[in-house]
There are 2 protein chains.
Amino acid sequence: MARTAGSHSDVTGPRVRAAALSLFARHGYAAVSMRQIARDVGVQAGALYNYTPDKQTLLFELMRDHMVELLEAVDGLPAGPPMERLEHFVRFHIAFHHDRPDAVFIAYMELRNLDPDNFSEIEALRSRYEAVLESIFSDGVTAQAFELRDAKVAAMAVIAMLTGVNTWFRAGGRLSLSAVQDHYWDMVHKMVVSAGGSIQP
Amino acid sequence: MARTAGSHSDVTGPRVRAAALSLFARHGYAAVSMRQIARDVGVQAGALYNYTPDKQTLLFELMRDHMVELLEAVDGLPAGPPMERLEHFVRFHIAFHHDRPDAVFIAYMELRNLDPDNFSEIEALRSRYEAVLESIFSDGVTAQAFELRDAKVAAMAVIAMLTGVNTWFRAGGRLSLSAVQDHYWDMVHKMVVSAGGSIQP
DNA sequence: GATTTATCTGAACAATCGTTCAAAACCAAG
DNA sequence: CTTGGTTTTGAACGATTGTTCAGATAAATC
């Protein structure tokens, strides 16, 4: 046998990426074989090499695409005063990551399986994302809207806190996603203003 | 050849665990072979099976030992009012995790490589740890020392935030570990008290 | 010194790994 | 229908995987 009825790269290509994303997220890059991906797609292992030069590139491109999408989305957030930008960032991060649990998981867990060059590229993209939040914090400190010791540390702390939602939140549970967004925004908001209720009633 | 001069299980056993811990943390469980571990120990692969029935058990015991040690340590924290217990928890978590970066990394990243039974056991230990912080929060809410919407959510948020320190902090950098502890405690402290009108309607 | 026990080697096992490639079968265009 | 390009199969490659085990040597015990 050879080419199968109905086969087309516009269909198989996305299915290869989807299967790899799902399997890498569930079992880890190193634990997933090309043959497992192929079986999920419904194809023999050799056919995968029409869609990626090798397994490493398949992983890298999944991660890069995710990070590029993340950066484009965060760049589209509205301008405004630091406090508003911070609230937008918090709600955005939770929602965006909730919509892509597999890609998020991979982007955080499979860094060590990247070749050095690929690792550097992903790390650069991640740093750009962290810099977005760090800028919000430093702008807020400059404008005296926030009281913070260190914008960099605060950015790392908040991103870790927000990304952690993916580890426990499940739709259909006790809380809705927007309730979670509200709660996290409440916590982050308190974090950046001075404690003691000086602002108001 | 056979038994080598100076060989002793009291020496080789810990070295096997240390090599596995380091390699699993650096490359991931699935990406590390028994032969790599053996090479690090300075032994042939077959000798490893004097110290573990199989690779899976080696991983599981590293994770379980880490979690048990964590739970014993957190149980040793002093009693007191919720705000003091919270501060102790924050500083403890950062210091304890900073001292064991490899074990922490494995305990968070290799869950998916555990057999179902082993996974359940590690998850139970993790839940017990999270419950410690959750209790501090609910006690603080009851005592009206904290203003928090949801002790469970707050516990997950704070643990994620604190554990994140391991991803960026390096001793010898811009900040000392105790400066980081101070900064995180500042943020967590603000999070649990009223900021004055910050609560969303 | 003799005997027992502890520890390791080195070879072997079947299974699986990522990857390549010629041949085959399908699709699209003329 | 014919031609040319696209897509997949299926077999094959050498390398590596986790694990087992008989035999050999060192250490401990008597």
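Residue numbering restarts at 1 for every chain, and letters A, B, ... go by the order of the sequence lines. Only this structure's heavy atoms are used, side chains among them; waters, hydrogens and symmetry mates stay out.
Other residues, nucleotides and ligands place no more than 12 heavy atoms under 6.0 Å from the NE2 atom of B:His88.
An OP1 or OP2 oxygen of D:dG18 is reached within less than 4.0 angstrom by no side-chain nitrogen or oxygen of B:Tyr29. A sub-4.0 Å separation between OP1 or OP2 of C:dT7 and a side-chain N or O of B:Ser9 is present. Residue A:Tyr51 places at least one side-chain N or O under 4.0 Å from the OP1 or OP2 atom of D:dT8. Look at A:Thr12 and you'll find a side-chain N or O under 4.0 angstrom from OP1 or OP2 of D:dT8. Considering only side-chain N and O atoms, A:Thr4 lies nowhere under 4.0 angstrom from the phosphate OP1 or OP2 of D:dT9.
Distance NE2 (A:His8) to P (C:dA28): 6 Å, rounded to an integer number of Å. Nucleotide C:dT19 holds its C1' atom 12 Å from the NZ atom of A:Lys55, rounded to whole Å. Distance, B:Ile37 CD1 to D:dT17 C1': 12 Å, rounded to whole Å. The distance from atom CD of B:Gln36 to atom P of C:dC17 is 17 Å, rounded to the nearest whole Å. For the pair A:Arg39 CZ and D:dT9 P, the interatomic distance rounds to 14 Å; values are reported in whole Å. What separates CG of B:Leu48 from C1' of D:dT20 is a distance of 13 Å, to the nearest Å. The distance between atom OH of A:Tyr49 and atom P of C:dC21, rounded to the nearest whole Å, is 13 Å. Per the geometry, CD belonging to A:Gln56 stands 12 Å off P belonging to C:dG18, to the nearest Å.
B:Val41 comes within contact range of no nucleotide atom at all, as no heavy-atom separation falls under 4.0 Å.
Residue order along DNA chain D, read from the 5' end via each residue's closest nucleotide, puts B:Ala30 first among B:Ala30 and B:Ala47. Comparing A:Arg35 and A:Gln44 along DNA chain D, the residue whose closest nucleotide (by nearest heavy atom) sits nearer the 5' end is A:Gln44.
Comparing C:dA23, C:dC17, D:dG18 against the side chain of A:Ala2 picks out C:dA23 as the nearest. In the set C:dG18, D:dT19, C:dT7, D:dT19 carries the atom at the smallest distance from any side-chain atom of B:Met34. Nearest to the side-chain atoms of A:Asn50 among the listed nucleotides C:dT20, D:dT7, C:dC17 stands D:dT7.
Here the two rings, on A:Phe89 and A:Tyr129, have centers that are under 6.0 Å apart.
Taking the six-membered ring for Trp and thresholds of 30 and 60 degrees, A:Trp185 and A:His189 have ring planes inclined between 30 and 60 degrees apart.
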Run the numbers on A:Ser120 and A:Asp117 for side chain to side chain donor-acceptor pair (under 3.5 Å), then give the verdict.
CA-CA 5 Å; A:Ser120 299; A:Asp117 286 356; 5.4 Å; no
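Judged by the 6.0 Å and 45° rule, A:Arg112 forms no cation-pi pair with B:Phe105.
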